Amino acid sequence: MDSSFLLSCALDIGEQMLISGAEIYRVEDCIKRICSSYGVKRIDVFTITSSIIATLEDNEHRNITQTRRISSYKTDLTKLDKLNQLSREMCTKKPDLEVVHEKIKAIKNSKRYPLWFECITYGAIAGAFTVFFGGSFADAGVSAIIGVVLRLIVYLNGISKVNQVFSSLLSSFAMCFLAFLCVNNGFGESIDNIVIGNIMLLIPGVGLTNSLRDLISGDIMAGVLRLCEVILIALSIAAGYILSALVIGGAGI
Amino acid sequence: MNIIVKSIIQVLMGTIGSFGFSILYNIRGKKLILAGLGGLFSWSLCLVLQIWFESEVIRYFLSAAFVAVYAEALARIMKTPTTTFLVPAIIPHVPGGSLYYTMKFALNQQWYDFFSRAFYTVELALALAMGIIAISSLVKFIFAVINKLKKKSA
């Protein structure tokens with residue numbers, strides 16, 4: 001058996017899991033289980049939010065180390081579910097590695113909801129939370145339109161590949177700027193409720209939940225790293241809001 | 001407006017939020033429905049708890065614990081990672097409003113209000129975290145014990 005190829009497949013699955021929003025424990029456990037079920041002697045995995053390192057010792061006493069560097073995430077819980085099932089299948093049925101490799105490729109390219117549908121969803125979420133936090137239905141309408149635009153801004157950020165912190169700042173700035181413009185020109189009554197509805201879209205909920213789950217599982221380092229990221233993003237959302245208020249105030253619109 | 005009508009509207013809006021986020025996280029099919037309904041149940045519970053508990057922090061803790069039970073149970077039934085049900089169901093509890101007012105006080109340089117709001121936001125977030133941590137640790141503990149017993153008897 002090709003140990004190097006086995007490790008590569010296991011790491012590919014782990015990498016995709018981490019990108020899709022898995023906890024550290026799940027990633028490490030999955031890589032370990034896959035390797036042991038294919039009969040390697042020893043496997044050591046170390047994972048943090050941005051990197052996976054694994055060393056495998058096979059039956060001929062060869063040591064193989066491979067790493068994966070993760071630079072961006074995209075939460076996709078269907079993909080995570082499929083990867084989870086693939087790893088279970090590998091542990092029980094031990095399919096041929098070529099087959100596994102093809103399956104990983106297929107999962108990597110599995111479909112998401114189309115952009116226009118995500119735009120509508122952004123609008124619906126923003127509008128719903130505006131009412132949720134006590135806004136009127138008129139405010140919800142304005143909030144929903146800004147939500148749709150916000151998705152497009154996030155999309156542009158995705159294309160330009162700026163880092164997460166800066167992209168949150170940019171999105172928050174643009175969103176608040178639009179909200180101020182709308183309210184100052186007589187569309188919508190309460191700037192507070194419109195911005196709150198849209199802020200819900202920017203808060204990194206998965207990051208926070210996963211950082212907690214990492215901390216409970218004893219992956220302190222990864223948990224703290226994720227927590228720092230969440231706090232940085234929250235601060236950059238605040239910075240975006242304050243900047244846009246200053247710009248609007250300074251321009252006297 | 002009648003408080004009951006108000007509550008029903010709020011629950012409905014929270015549910016739309018949960019469904020929306022489930023879609024953004026690309027959950028599909030039966031799991032999408034279950035994930036979205038998690039938001040409906042958890043926020044209804046949080047509102048009903050108002051009858052007994054005045055403190056928002058305690059209510060957040062209890063309904064976060066409920067969400068964790070819901071997510072851990074469904075994850076085992078549907079054979080999928082817990083995150084799938086945990087994150088969408090917790091969404092209506094995310095203290096976005098509190099976070100916003102914290103920012104607003106900072107902007108207006110109302111530092112006294114800023115600090116009390118900031119602490120309150122952190123308190124709410126901690127209540128949610130503690131609710132989830134308590135249940136998840138308990139579940140881990142229980143399953144570890146069960147597995148150990150199974151191995152012994154086998």
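This structure is a prediction, so every number in the text was calculated from the model and none was measured. Order of the sequence lines sets the chain letters (A, B, ...), proteins ahead of strands, with each chain counted from 1.
- Chain B forms the most heavy-atom pairs under 4.5 Å with one residue out of A:D192, A:L201, A:I237, and that residue is A:D192.
- For chain B, the nearby parts of A:R112 are the backbone and the side chain; heavy atoms of each come within less than 4.5 Å.
- Not one N or O on the side chain of A:S20 forms a donor-acceptor pair closer than 3.5 Å with the backbone of A:T75.
- Using a distance-only test at 3.5 Å, with no hydrogens or angles considered, a donor-acceptor pair links the side chain of A:D76 to the main chain of A:K79.
- Contact residues of residues 131-143 of chain A toward chain B are A:V131, A:F132, A:F133, A:F137 (heavy-atom distance under 4.5 Å).
- A:S110 places no side-chain N or O within donor-acceptor distance of the main-chain N or O of A:A106, the cut-off being under 3.5 Å.
- Screening residues 113-147 of chain B for ring-ring contact (aromatic ring centres under 6.0 Å, His included) gives B:W111-B:F114 as the qualifying pairs, with residues at least two apart or on separate chains.
- Residue B:S136 touches chain A through its side chain alone, counting heavy-atom pairs closer than 4.5 Å.
- Classification of A:R226 and A:E229 as a salt-bridged pair fails, no side-chain N sitting under 4.0 Å from a carboxylate O.
- No other option in A:V206, A:I199, A:T130 has as many heavy-atom pairs under 4.5 Å with chain B as A:V206.
- Because its NZ or CZ atom is not both nearer than 6.0 Å to the ring centre of B:F53 and within 45° of the ring axis, B:R59 does not count as a cation-pi partner of that residue.
- Interface with chain A: from residues 19-38 of chain B, residues B:G20, B:F21, B:I23, B:L24, B:Y25, B:N26, B:I27, B:R28, B:K31, B:L32 qualify, criterion being any non-hydrogen pair under 4.5 Å.
- Between the side chains of B:T121 and B:T102, at least one donor N or O lies within less than 3.5 Å of an accepting N or O.
- Taking every heavy atom of both residues into account, A:F180 and A:S244 meet most closely at CE1-OG, 3.7 Å.
- The backbone N or O of B:I4 sits less than 3.5 Å from a side-chain atom of B:N2, completing a donor-acceptor pair.
- Considering only heavy-atom pairs separated by less than 4.5 Å from chain A, the leading option among B:P81, B:P92, B:G97, B:A125 is B:P81.
- Looking at A:I242, the atoms closer than 4.5 Å to chain B (heavy atoms on both sides) sit in the backbone and in the side chain alike.
- Of the two parts of A:Y113, the backbone and the side chain both hold a non-hydrogen atom closer than 4.5 Å to a non-hydrogen atom of chain B.
- Neither the backbone nor the side chain of B:T15 comes within contact range of chain A; no heavy atoms are under 4.5 Å apart.
- The backbone N or O of A:I104 sits nowhere less than 3.5 Å from a side-chain atom of A:Q16 that would complete a donor-acceptor pair.
- The contact between B:I133 and chain A is made by backbone and side chain atoms together, counting heavy-atom distances below 4.5 Å.
- Contact annotation for A:K111: both backbone and side-chain heavy atoms come within less than 4.5 Å of a heavy atom of chain B.
- Only the side chain of B:L99 comes within contact range of chain A, with heavy atoms under 4.5 Å apart.
- For A:T78, the parts lying near chain B are the backbone and the side chain together; criterion is any non-hydrogen pair under 4.5 Å.
- In this structure, a donor-acceptor pair under 3.5 Å is present between the side chains of B:R117 and B:S98.
- Checking side-chain atoms of A:R151 against main-chain N and O of A:G147 turns up no donor-acceptor pair under 3.5 Å.
- Residue A:D81 touches chain B through both its backbone and its side chain, counting heavy-atom pairs closer than 4.5 Å.
- Within the structure, the side-chain hydrogen bond (donor to acceptor under 3.5 Å, both in side chains) test picks out the following pairs touching residues 167-176 of chain A (sequence neighbours left out): A:N157-A:S171.
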(message) Test ring pair (Phe, Tyr, Trp, His ring centres under 6.0 Å) on B:F105 and B:Y112; report intermediate values, then the result.
(response) CA-CA 9 Å; B:F105 290 134; B:Y112 178 77; 9.8 Å; no

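- For the pair A:T47 and A:L18, the tightest heavy-atom approach, listed with the atom from each and the gap, is CG2-CD2, 3.9 Å.
- Contacts of B:K140 with chain A are made by side-chain atoms alone, with heavy-atom separations under 4.5 Å and no backbone atom involved.
- Between B:G96 and A:M200, the shortest heavy-atom contact is CA-SD, 3.6 Å.
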